[in-house]
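Following: one structure in structure tokens, then a few remarks.
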Amino acid sequence: QVQLAESGGGLVTAGGSLGLSCTASGSIFSIVAMGWYRQAPGKQRELVATINNGGATNYLDSVKGRFTISRDRALNTVYLQMNSLKPDDTGVYYCNGRIYTSMTSWDDFWGQGTQVTVSS
């Protein structure tokens, strides 16, 4: 069993910054990648940023240059630093981990979501 615990959401005005954290715990054999997804009301969930176990990153085009994803291996934690926030960044942000729970079994695990609201 793996759990992802998220924190850092909140309310911010346009142009402001927020930092999100997500820590994985439980029966972790290895972590392939971790990332952040978001879902705005009435919209499909979309990938925001990912980082794999080699440190390679991938970003949604609309957040490139504004968001930075990073990790701490020792803490099984992924971070998302969000700068220059826009109202369109508003949504529920979900942490994702692609995690092996044994040598041969993996799954995608999800956090409960944290609300990010950017006001104009």
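- Under 4.0 Å is where a charged nitrogen must lie from a carboxylate oxygen, and between D89 and K86 no such pair does.
- A pairwise comparison of heavy atoms in M34 and C95 identifies CE-SG, 4.0 Å as the closest pair.
- The shortest non-hydrogen separation linking G91 to Q115 is O-NE2, 3.5 Å.
- Atom CG of N58 is separated from atom OG1 of T50 by 4.5 Å, given to the nearest 0.5 angstrom.
- Nearest heavy-atom pair, T90 versus A40, reported as atom, atom and distance to 0.1 Å: O-CB, 3.6 Å.
- With rounding to the nearest 0.5 angstrom, the SG atom of C22 is 8.5 Å from the CD atom of Q112.
- Side-chain contact of T77 with T23: a donor-acceptor pair under 3.5 Å is present, judged by distance alone.
- Between Q39 and Y94, the closest side-chain pair of non-hydrogen atoms falls below 4.5 Å.
- Here the straight-line distance linking atom OG1 of T68 with atom CG of N83 works out to 6.5 Å at 0.5 Å rounding.
- Looking at L20 and V116, their side chains come closer than 4.5 Å, going by heavy atoms from C-beta outward.
- Taken to the nearest 0.5 Å, the CD1 atom of I99 stands 8.5 Å off from the CG atom of D108.
- Separation of atoms CG (L80) and CD (E6) is listed at 11.0 Å; rounding is to 0.5 Å.
- Side-chain contact between D107 and T101 is absent, with no heavy atoms from C-beta onward closer than 4.5 Å.
- Each ring pair (Phe, Tyr, Trp, His ring centres under 6.0 Å) pair with one or both residues in residues 22-68, not counting sequence neighbours, appears once here: Y37-W110.
- Residue K64 qualifies as enclosed at atom NZ: its count of foreign heavy atoms under 6.0 Å is above 12.
- When all heavy atoms of S17 and S84 are compared, the closest pair comes out as OG-N, 4.3 Å.
- Taken together through direct or relayed side-chain contacts under 4.5 Å among Ile, Leu, Val, Met, Phe, Trp and Tyr, V118 and V48 form part of one hydrophobic cluster.
- Considering only heavy atoms from C-beta on, V63 comes within 4.5 Å of R38 through its side chain.
- Contact of the M82 side chain with the R66 side chain is not registered, since no non-hydrogen atoms from C-beta on lie closer than 4.5 Å.
- When all heavy atoms are compared, the tightest approach of L85 to L18 is CD1-N, 3.8 Å.
- Both I51 and I28 are members of a single hydrophobic cluster when ILVMFWY side chains are connected at heavy-atom separations under 4.5 Å.
- Within the model, atoms OG of S21 and CD of Q81 stand 9.5 Å from one another, a figure rounded to the nearest 0.5 Å.
- Applying the ring pair (Phe, Tyr, Trp, His ring centres under 6.0 Å) criterion to F109, with sequence neighbours excluded, gives no partner residue.
- Between Y79 and D72 there is a side-chain heavy-atom pair separated by less than 4.5 Å.
- Closest non-hydrogen pair, G97 versus L4, comes out as N-CD1, 3.6 Å.
- Residue V2 is not grouped with residue W106 when hydrophobic side chains (ILVMFWY) are merged at heavy-atom distances under 4.5 angstrom, including chains of intermediate members.
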